[in-house]
Amino acid sequence: MSSPVEFRKYGDVALVIVDNPPVNALRHAVRAGLLDAFTRARGDETIAAVVLGCAGRTFVAGADITEFDKPPQAPGLSDVIAFLDEMNKPVVAALFGTPLGGGLELALGCHYRVAAPGTRLGLPEIKLGLIPRAGGTQRLPRLAGMAKAMPMILSGDPIPAGDALKSGIVDEIADGDVIAAAIVFARKVSALRPLPRARDKTVTLDGDFETLAAPFVKRARGLDAPFAAIEALRCAITLPIDEGLTRERESFMRLRAGDQSKAQRHIFFAEREAPKVRDLPKDVSSREIRRAAVIGAGTMGGGIAMCFANAGIPVTLVETGADALARGVEKIAANYGVAVERGGMTEDEKQRRMARIERATEIGAASKADIVIEAVFEDMDIKREVFAKLDDVSKPGALLATNTSYLDVDAISRATGRTSDVLGLHFFSPANVMRLLEVVRAKDTGPDVLATAIALARKIGKVPVVVGNGHGFVGNRMLRVRSIEAERLLLEGALPSEVDRAMTEFGFAMGPFAVSDLAGLDISWRMRKAQGARAEIADQLCEIGRFGQKTMKGFYRYEPGSRIPKDDAEVVALIEATSARLNIARRAIAPDEIVERLMFPMINEGACILEEGIAQRPGDIDVIWVYGYGFPAWRGGPMFYADLIGLPRIRDRLTAFAAETGDKRHEPAPLLARLASEGKGFSDR
Ligand code: COA
């Protein structure tokens with residue numbers, strides 16, 4: 001097989017080009033090829049300088065993450081960089097695209113860096129539960145100073161080329177083709193000695209190390225990698241570089257073998273796998289989306305319209321009442337206003353985005369749109385009425401999407417005479433912020449309609465997961481199971497704050513009752529009433545007007561102007577009275593039991609969802625929970641978590657819950673029971 005690294009000569013400059021699509025990841029053959037090429041350049045007396053560049057869409061975007069689960073194979077990236085440290089002629093990295101992780105470390109090992117204007121540079125390892133392993137924590141602070149390096153490494157967020165130039169990470173921004181600019185640069189510096197090496201510089205601190213680290217320590221709750229990153233950075237100021245490099249590598253190896261990083265790597269790949277639909281023909285064509293329309297200017301509709309405006313797609317917002325429309329538009333303007341106030345957007349940009357939102361009070365205004373998204377009240381009759389009208393007014397070939405969060409998309413679709421154009425697009429609130437998009441494939445949804453929706457989702461910055469049409473799809477169906485269990489725990493002896501604390505300690509940003517108070521208890525109350533269902537505690541709270549934060553009382557009480565939940569004696573009394581009325585003996589419930597009681601039934605429901613084909617893969621369910629419901633990414637989502645615990649334990653606990661509660665729904669799902677008995681996990685299904 002030919003090497004993914006090419007060696008060319010331009011007079012006295014050697015050009016080393018990595019060509020390993022799609023992102024030039026540093027797989028073994030690339031590392032070996034680089035070492036060969038640099039060795040050749042070093043030994044060739046006609047070569048005065050070397051340029052390291054890449055083919056394709058980006059400079060090396062990192063280590064090859066798929067190799068992380070395999071035994072390391074020499075040469076490692078550190079060996080390549082150590083070779084550069086000993087190089088006898090200058091090496092100039094020509095950066096463009098996203099030099100990330102190992103890619104940036106490789107560039108930091110070069111003597112100079114020239115970057116194309118749009119380049120984004122970063123060390124994102126922390127997002128995979130790791131730290132850099134080939135000198136990133138030692139060389140970056142030496143080049144850019146600790147005050148710049150620490151936030152880059154601890155946040156994992158990339159910085160633009162201009163910023164990198166200011167901080168000394170790059171030496172020049174290319175004017176024109178970056179490789180050509182790097183060759184010119186290389187000729188200019190070819191005779192300069194000594195060669196500048198990041199390793200020879202001393203770290204500038206610009207402040208006190210502990211003060212710089214404090215905000216990251218505060219945010220690192222439950223996570224291992226941030227602490228390891230801070231320790232590695234501390235080594236950059238306390239130890240000679242070679243010792244620092246050894247410590248960094250040891251930490252990396254420990255993190256790589258740990259469950260947190262495995263979970264985060266799982267989510268990285270699951271997110272990229274989720275939009276792939278197994279039975280979708282490879283050559284399916286997409287329809288072009290030039291204009292959108294959103295029906296309903298409430299919170300959801302407004303948020304969805306913002307997604308289009310943000311992505312540069314003109315959108316018509318339709319609401320029947322002029323006042324409701326004005327309120328919806330005001331809310332959008334206010335949302336953008338907050339971004340302007342916080343410095344995240346200019347006033348001009350706000351105006352440009354607002355100008356992309358056309359307002360209308362007649363549904364006929366949707367006739368220009370290539371996609372229409374309905375976001376009206378969650379009621380089947382109302383939705384069917386809207387779709388019947390859309391069938392009349394929409395142009396041929398337009399995608400017709402419902403934003404329902406649990407209703408039957410086939411039933412909605414049948415209100416039209418073009419069922420193959422209809423699908424569900426379930427956005428999560430706030431729609432302009434939350435990244436998850438459940439793409440609901442109805443019975444008749446056309447393959448090109450599905451492909452178009454997936455491509456559009458990515459264009460508007462969402463993480464699409466294709467799901468089947470079943471009540472509540474994936475996320476809300478599992479959430480419902482958790483809500484029932486959470487109520488049961490209250491009746492059996494736990495308080496809302498105890499349940500919430502167990503879940504925040506597990507890693508969720510908020511517990512289920514605090515979330516209910518934030519979202520408003522009345523919404524699910526209305527939904528339950530429509531379905532003839534009841535939640536003992538939540539319904540009683542609604543009956544006495546405790547709708548959550550909006551009434552300053554829900555499962556908790558809130559002080560004026562505060563969102564901090566406080567235990568409320570009235571709620572405790574109500575819960576205790578209900579337990580007594582239902583003859584349930586209250587007992588102390590330990591946090592571990594709370595976690596199991598909430599998590600295992602959800603996992604069981606996930607197993608049913610897989611068996612029914614509502615989700616294609618366990619990883620899809622994990623992505624939905626991480627991006628839509630705040631499941632901690634470092635736990636990998638509910639199905640990954642289940643595999644870590646081991647399915648036999650979950651099966652046994654579910655069997656016990658079923659016996660204790662008399663609830664047959666707790667009996668292990670056939671898929672879960674089978675995998676458990678075969679000693680397998682969901683990922684081996
Ligand atoms: N190792 C192995 N595969 C990688 C990879 C890596 N470091 N980075 C990306 N890929 C793969 C993706 O899995 C995807 O594969 P697929 O097409 O089979 O699904 C493909 O490359 C394209 O990646 P994608 O993320 O869809 O493209 P993008 O253009 O949106 O983003 C990056 C490109 C580089 C910004 C993004 O992939 C990224 O952030 N990668 C991780 C970088 C990183 O963390 N590096 C440090 C590793 S320690």
Side-chain angles (χ1 to χ4, degrees), residues 4 18-31 54-70 72-73 76-78 80-81 95-108 118-137 140 152-161 225 228-229 232 248-249 251-253 255-258 260-278 280 282 311 435 454-455 457-466 616-617 619-620 623 627 633-634:
V18 178
D19 187 2
N20 182 34
V23 298
N24 290 314
L26 287 162
R27 69 180 160 99
H28 173 254
V30 174
R31 302 190 304 265
C54 286
R57 67 197 217 210
T58 178
F59 187 83
V60 173
D64 187 333
I65 306 168
T66 59
E67 284 185 353
F68 283 3
D69 293 319
K70 301 173 191 158
Q73 214 183 340
L77 177 58
S78 304
V80 177
I81 295 173
L95 308 179
F96 67 105
T98 47
L100 298 176
L104 182 56
E105 290 180 294
L106 176 64
L108 297 177
T119 311
R120 296 183 66 77
L121 307 87
L123 292 172
E125 287 83 351
I126 204 101
K127 297 187 180 182
L128 297 173
L130 296 167
I131 65 169
R133 69 152 158 196
T137 62
L140 191 62
M152 277 181 75
I153 291 171
L154 268 295
S155 74
D157 293 335
I159 60 164
E248 177 197 74
R249 194 173 166 72
S251 283
F252 171 88
M253 298 303 271
L255 291 168
R256 188 180 76 167
Q260 294 192 355
S261 175
K262 281 186 194 149
Q264 285 176 265
R265 271 141 49 200
H266 159 70
I267 289 297
F268 178 88
F269 287 113
E271 176 189 335
R272 284 157 178 81
E273 194 70 11
K276 296 175 188 161
V277 185
R278 284 189 186 132
L280 205 61
K282 282 226 157 25
R435 301 222 24 232
I454 294 165
R458 302 190 87 157
K459 194 164 174 200
I460 63 174
K462 300 294 174 198
V463 175
V465 182
V466 177
Q616 292 186 91
R617 326 167 176 89
D620 292 6
V623 171
Y627 282 102
W634 55 272

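From a predicted model like this one, the values you see are computed outputs, not experimental measurements. Note that ligands are numbered from 1 as they come in the structure, with each ligand's atoms numbered from 1 the same way.
- Put simply, the side chain of S78 does not reach to within 4.5 Å of the side chain of E248, judged on heavy atoms.
- Between K262 and D69, none of the side-chain N atoms (NZ, or NE/NH1/NH2) sits under 4.0 Å from a carboxylate O, so this pair counts as no salt bridge.
- Of all the atoms in ligand 1, the ones that sit under 4.0 Å from a non-hydrogen atom of K276 are 16 (P), 18 (O), 19 (O).
- Cation-pi check for R272 over F268 is met; the charged atom lies under 6.0 angstrom from the ring centroid and within 45 degrees of its normal.
- For the pair L130/R256, a side-chain contact is recorded, criterion being any heavy-atom separation below 4.5 Å from C-beta on.
- Geometrically, ligand 1 and G62 share no nitrogen or oxygen pair separated by less than 3.5 Å.
- At the top of the distance list for atom 3 (N) of ligand 1, counting protein heavy atoms only, stands F269 CE2, 4.3 Å.
- Protein heavy atoms are found less than 4.0 angstrom from atom 45 (N) of ligand 1.
- Using modelled atom types, no side-chain atom of E105 and backbone atom of P132 make a donor-acceptor pair closer than 3.5 Å.
- The side chain of R57, and not its backbone, has at least one atom closer than 4.0 Å to an atom of ligand 1 (non-hydrogen atoms only; side chain from C-beta on).
- Residue contacts with ligand 1, taken as heavy atom pairs separated by less than 4.0 Å, do not involve T58 at all.
- Among the atoms of A61, some N or O lies under 3.5 angstrom from an N or O of ligand 1.
- Checked against a 3.5 angstrom limit, the closest N/O atoms of L130 and ligand 1 fall outside it.
- Listed by number with element, the atoms of ligand 1 under 4.0 angstrom from any heavy atom of L128 are 44 (O).
- In terms of N/O distances under 3.5 Å, ligand 1 is not approached by T66.
- Applying the side chain to side chain contact (heavy atoms under 4.5 Å, CB included) rule to I267 yields the partners D622, V626, Y627; only residues at least two apart in sequence or on another chain are considered.
- Of the heavy atoms in V23, only side-chain atoms (C-beta onward) come closer than 4.0 Å to ligand 1.
- For atom 39 (O) of ligand 1, the closest non-hydrogen atom of the protein is L100 CD1, 3.9 Å.
- The nearest protein atom to atom 6 (C) of ligand 1, hydrogens excluded, is given as A63 O, 3.5 Å; this is a heavy-atom distance.
- Interface of P124 with ligand 1, defined as ligand atoms under 4.0 Å from a residue heavy atom, comprises 43 (C), 44 (O), 45 (N).
- In this structure, the side chains of T66 and F269 come closer than 4.5 Å at one or more pairs of heavy atoms.
- A donor-acceptor contact shorter than 3.5 Å links the side chain of N20 to the backbone of A25.
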Take T137 and I153 through the test side chain to side chain contact (heavy atoms under 4.5 Å, CB included) and record every step on the way to the result.
CA-CA 7 Å; T137 62; I153 291 171; 4.2 Å; yes
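- Of all protein heavy atoms, the one lying nearest to atom 48 (S) of ligand 1 is E125 CG, 3.6 Å.
- With ligand atoms numbered from 1 in the order given, ligand 1 contributes 12 (C), 13 (O), 19 (O), 24 (P), 25 (O), 26 (O), 36 (C), 37 (O) to contacts under 4.0 Å with heavy atoms of R272.
- Near P22, with a cut-off below 4.0 Å to any heavy atom, the atoms of ligand 1 are 20 (C), 21 (O).
- Close approach to D64 involves these atoms of ligand 1, each under 4.0 Å from a residue heavy atom: 1 (N), 2 (C).
- When the ring pair (Phe, Tyr, Trp, His ring centres under 6.0 Å) test is applied to F68, the partners found at least two apart in sequence or on another chain are F252.
- At the top of the distance list for atom 1 (N) of ligand 1, counting protein heavy atoms only, stands I65 N, 2.9 Å.
- Counting heavy atoms closer than 4.0 Å to ligand 1, residue K127 contributes nothing at all.
- No side-chain heavy atom of E125 sits under 4.5 Å from any side-chain heavy atom of R133.
- Checking side-chain atoms of T58 against main-chain N and O of T98 turns up a donor-acceptor pair under 3.5 Å.
- No N or O atom of T98 sits closer than 3.5 Å to an N or O atom of ligand 1.
- Looking only at protein heavy atoms, the nearest one to atom 40 (N) of ligand 1 is F268 CZ, 3.5 Å.
- In this structure, atom 29 (O) of ligand 1 is in close contact with the protein, since a protein heavy atom lies within 4.0 Å of it.
- The minimum heavy-atom distance linking E67 with H28 is given by the pair OE2-N, 2.9 Å.
- The shortest distance between side-chain heavy atoms of L100 and V23 does not fall below 4.5 Å.
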